[in-house]
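Only a predicted model underlies this, so the values are computations on that prediction, with no experimental measurement involved. As a basis for the values below, the full set of heavy atoms in this structure was taken, side chains included, without hydrogen atoms, waters or symmetry mates. Chain letters run A, B, ... following the sequence lines, proteins first, then strands; residues in each count from 1.
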2 protein chains.
Amino acid sequence: MSNVSFPGAQTIPGTKATLGSLLRRPYEYLQAKVYGELSARGFPDIRPAHSSLLRYIRPEGSRVVDLAERAQITKQSMAYLVGDLEGLGYVTVVPDPDDGRAKRVMLTTRGQAVWTTLIELSLAAEVNCAELIGADDMATLRRILQNLSQALETQGSGAS
Amino acid sequence: MSNVSFPGAQTIPGTKATLGSLLRRPYEYLQAKVYGELSARGFPDIRPAHSSLLRYIRPEGSRVVDLAERAQITKQSMAYLVGDLEGLGYVTVVPDPDDGRAKRVMLTTRGQAVWTTLIELSLAAEVNCAELIGADDMATLRRILQNLSQALETQGSGAS
DNA sequence: TATAAATGGACAGATAGTCTGTCTAAATAA
DNA sequence: TTATTTAGACAGACTATCTGTCCATTTATA
């Protein structure tokens, strides 16, 4: 079930797939799978763009600027997502007790439900992938990607 | 040079990073790097969206429907990209000799230049990553991702 | 303490890149 | 020969992003 089809393979014969395309394909597969199933689970109004908020919101609530900074988008864009999810009933916005300018974005009960479901489905999709390539390779894949992410992070903020 | 900064790390403490996020981070890094440098190389008007066309166009030229099918977008969306790149001088559109309804999208000289440069920069970005994690791990990463892609492809089009 | 600077967010407007729906012309099948 | 399918064009809509400007509040400074 949840038959996610797959884009065409090779462009120019004799050209090796770029690392980017090797990363992109499974990523897009996972995203399609997770958001497809999310819809089937009763959250059809949650779209991939919303993940910029859902990924970074904290249980105590988060301010728009913080969410924007973590998601690497402008605060206006994040405000748009907040407004959208607020209208859909997934978040509420309350005044920040510590800062009169600020507001806190908080998950509603439904928001928490979608958050949990997203984690659940992501995990399930990963298990599915692990079945395809084997648990050992999945562990290795995770380890290497984790290393790479960390190395890029330090490279990005650190040395020239 | 080309200091690409990196989004925040963890959401909820005690939550493992999803496979999706592990794939996404390096992918977005690569994309930012490649398109940033592409701009510096004299192609500032090429945007990531154009890659849907550039990735799949063939040297003999390709029809819009074929490009759309490979890129997994509607033909209208692909037509928009074709029109855009045509206006920018990267592709030309000629009538298909074998089919009076169809047209062939072909890379201009400048289009071929950008194509070559994209491959070059992608390769360079991969080498950069390989330096960070080591050549062995990069080879392993490639192997596993290739397996995964292929497995997902056959799963997607094949068994339920 | 009074004022200047920085910060969190709101509002307005623009744009890119995607979609659906409808249409024509040409090719293919019945 | 007629019906169906296919390639693409056109119109319209919408999502998710951006820039620019503004206000209110907080923080730093003179």
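- In this structure, A:Y35 places its OH atom 15 Å from C1' of D:dT15, rounding to the nearest Å.
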Kindly indicate, with the supporting measurements, whether the criterion side-chain contact (heavy atoms from CB on, under 4.5 Å) is fulfilled by B:Q146 and B:S149. CA-CA 5 Å; B:Q146 202 98 56; B:S149 280; 5.8 Å; no
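- In this structure, the CG atom of A:L67 is 12 Å from the P atom of C:dA10, given to the nearest Å.
- Shortest non-hydrogen contact noted between A:V91 and A:V82 is CG2-O, 3.8 Å.
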Mind running side-chain contact (heavy atoms from CB on, under 4.5 Å) on A:E86 and A:T92 for me, showing each step along the way? CA-CA 6 Å; A:E86 192 182 14; A:T92 43; 5.6 Å; no
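- Going from atom NZ of A:K103 over to atom C1' of D:dC23 covers 13 Å, rounded to whole Å.
- Between B:Y56 and B:D66, the side chains place no donor N or O within less than 3.5 Å of an acceptor N or O (distance only, hydrogens not considered).
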Set out, line by line, the N/O atom pairs under 3.5 Å between protein and nucleotides 24-29 of chain C.
from: C:dA27; atom 1: OP1; to: B:G100; atom 2: N; distance (Å): 2.8

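- Side-chain atoms of A:Q76 and A:Y80 include no donor-acceptor pair closer than 3.5 Å.
- With hydrogens and angles left out, the side-chain atoms of A:Y29 and B:Q155 include a donor and acceptor closer than 3.5 Å.
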With the sugar-phosphate defined as primed atoms, P, OP1 and OP2, and the base as all remaining atoms, what B/S/- string results for nucleotides 15-21 of chain C, 5' to 3', for protein heavy atoms under 4.0 Å? -SBBBBB
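- No side-chain donor-acceptor contact under 3.5 Å links A:R58 and A:S62.
- Residue A:C129 comes nearest to A:M138 through the heavy atom pair CB-CE, 3.4 Å, listed as atom of the first residue, atom of the second, then distance.
- One interatomic measurement links the two molecules: CZ of B:R104 to C1' of D:dA7, which rounds to 13 Å at whole-angstrom precision.
- If you measure from atom CG of A:L54 to atom C1' of D:dA16, you get 15 Å, rounded to the nearest angstrom.
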